[in-house]
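As structure tokens, the structure follows; a few thoughts come after it.
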Amino acid sequence: MNNLTKNLLYVFVLTVLISVSIGCGGKKEKGTLIESDAASKVYVEPGKFDEFYAFISGGFSGQMSVYGLPSGRLLKVVPVFSQNPENGYGYTEETKPMLMTSRGFIPWDDSHHSELSMKDGAPDGRWIFLNGNNTPRIARINLSTFRTEEIIEIPNSAGNHSSPFTTANSEYVVAGTRFSVPPDNKDFPINTYQENFKGALSFIKVDQNTGNMNIAFQIMTPPFDYDLSHAGKGPSDGWFFFSCYNSEQAYTLLEKNSTQKDKDFILAVNWKKIEDFIKQGKGTDKATAYTHNILNEKTHTATSELIKTVKVLNPADIPGALFYMPCPKSPHGADVDPTGEYIVGGGKLATVIPVFSYTKMTKAIESKSYDGEIQGIPVLKYESVLSGEVKEPGLGPLHTEFDDKGFAYTSMFVSSEVIKWKLDTKEIVDRMAAFYSVGHIMIPGGDSKKPWGKYLLIMNKITKDRFLPTGPELNQSAQLIDISGDKMKLLLDFPTVGEPHYAQSLKADLISKNQLKIYKIEENNHPFVTKSEKDARVERKGNEVHVYMTTIRSHLTPDNIEGIKAGDEVYFHVTNLEQDWDIPHGFTILGSQAAELLIMPGETCTMKWIPKDAGIYPFYCTDFCSALHQEMQGYLRVSSKESNVQLYFNSNK
Amino acid sequence: MKKINRIILAIISLSLLSAFFTPLWEIDLEAPQYPEGLCLEIHINKIGGDLNTVNGLNHYVGMKFIEPDSIKELKLMPYILEFLILSGLIVSITGSKKLFYIWFVLFLLLAIAGALDFYLWEYDYGHNLNPEAAIKIPGMTYQPPLLGTKQLLNFTVHSFPGTGGYILILSGFISVLIMLSEIKRKAKRK
């Protein structure tokens, strides 16, 4: 071998060695260094409880999941906007009306944000609200039963995104539209966007005793995309702040066309002033159609009502109630600090985080320091409302939460990190990498007057290699960070359900002490209840057959049924007679095209079943209830349409 | 009777009223899947606590359903107690020693009869099992203890007086003391 060949060989071998050892891009160390005491900080002993409940929105699952913190243990998934075969939600006759809309029955939605009900600006544990983004709706979940009790549809909206945030005493829940659309969904040409499309901001009044919601009014604002919102508190109570992008009013290729201006806006809405205008008779009741669905706890049955009018306000009707604050650039979060003085904009394409001052805003309004107006809404001067900017925060500031020590935490989507900064000086004091691409973040009580500044939960949009791989589709991941000290410390990763967009959390005892354990059978007013086995029966009304069935460990009554004919509409009204906590029974029958029934103690649920063919159809209890669960079964005989088999039922004969 | 004894007798007679508001006896059941515990409260005129749950569990081994409406004692006992209270008060007013002795003996006999009746009911409840029961364990019976603790399959069963029961027992002891005091006085006079 000559020298050249030898050298070339060396080079070749070396190259192979290097490329083998590094691979493409090399294998990096994962995550940041974990403190040695991290495990003990998230370890909750068997039988012991977590300190916090966390309510994490389900995103494209349409539901809401409930976790314990700091353990990250999944406690429950509450069905809200999507059918849930696991417990029959949206399949039973009682719950189908919950998913009715003016567009018919909708089995799914995209649930973005959760918001706890509040008292004096702090979470009180009565209810939690959740928005349906795609078919605009707001849901209210009762936190003593963890059931969706009410869903109201929002007319004149599409992409119900800057929702469902509430005022300091949950007087109102708001629903702002992300897509501006023509009022009452008329089919204008898309290129008439600027004249004919509107951004509706809905204020939904909440009855403080029942929690029942009704749309008090809608404000028809210029056709921007309203993204997120938060209520004022303390001094700024009475105001609501909505971030919006696309002030360019683009309607095609928004990626480019809505990102041309340096600043978009945060819209400040003085809702107390609007209340006065309404008392003076301002606003018009416009014809529209939207549903209002309520679950009655005594009849265990939901009803859906179609409402035909909504009160609409134009900016001209309410002078001095709306102001645009310029905000760089395409803002996402509009977050109000615990004192109510600072409003932080999360301009996801901005290079700074703007912090607005409520005091300066009121002064600017008094002195009319305007920079023009948009469709009658004054635009305030950026400098006159700005408290300061957080400089060089990273890339893609998205959303800010607050602790109880004067610090703010902002997620940086593009640079995949969280920064901690001081509210008064706007100085960054710490930053931590997120794995990967953090979206929303949450501190228990962190958007309220009283944050419990112990943990920060960050919800990441990209999971990749954080857990054992599960094929192309991965669950999203959340990370828990200890924020009790000066430096943020990563404690825990855990997978979440759907795609969380936001979460809420509060001290567990605010909720755990109010839990309902059973439904009292004597208070069950279901029209088809069966309160004792003696009353179990089968009744025929034409081709409708109603089976009044009971369940108790370990039998269904009746468990032999004959005289059903092919094509009959059979309704199984099953009442669980148990009065003991955590003893549900299930019910299903061969060939059921619905989901199972999962019936809580003292509750009645109904399955509709239409047998097509004659034959024998076994039915059974689907929830392992007792040592004789497997014996909890029965037979139903279906005969042909022409047969004359008499209606017959019994148990133990 | 001594004046003080008459007063005490009136007080203990009236204290028996508490049995109308508080349970005479309590049977507590413990098992791993009942961390909150199960309890039967036996009152003078009803059975309270987790009766439905206990009934539901007991049918697996063939024990009878406890139906308070069909238990004669629960109907009878309020009258017996009312009689003891009223007659105790009358004895206290009259101050007749003879009547007191009669009242004392009646009280004692009724208490013994009550305990015996309760025991027999428990015996029947624990032994008289439905032959069609799903779970049959050879030689196993389920009689709860009259007083104390016993293991019955997966349940640890505790049986102790309730507040009303303790007051009743205490009243019994005090009436023994009255009795002794009156006998002593009689002996002195002679």
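In this text, all values refer to a predicted model and were calculated from it rather than measured experimentally. Lettering of chains follows the sequences in order, A, B, ..., and the numbering in each one begins at 1.
- The number of heavy-atom neighbours closer than 6.0 Å to CD of A/E539, taken from other residues, nucleotides and ligands shown, is above 12.
- Around NZ of B/K75, the count of heavy atoms belonging to other residues, nucleotides or ligands within 6.0 Å exceeds 12.
- Within 6.0 Å of the CD atom in B/E132, the count of heavy atoms belonging to other residues, nucleotides or ligands does not exceed 12.
- A 4.5 Å side-chain heavy-atom check between A/W581 and B/T53 finds every atom pair outside the cut-off.
- Across every non-hydrogen atom of A/R553 and B/H59, the tightest pair is O-CE1, 3.1 Å.
- To the nearest 0.5 Å, atom CG of residue A/L577 and atom CG of residue B/N52 are 10.0 Å apart.
- If you take CD on B/Q33 and CD1 on A/I583, they are separated by 8.5 Å, rounding to the nearest 0.5 Å.
- Rounding to the nearest 0.5 Å places CG of B/N55 at 9.0 Å from CD1 of A/I552.
- Counted within 6.0 Å of OH on A/Y571, heavy atoms from surrounding residues, nucleotides or ligands total more than 12; the atom is thus considered enclosed.
- The 12-atom threshold is not exceeded at CD of A/Q646, counting heavy atoms of other residues, nucleotides or ligands nearer than 6.0 Å.
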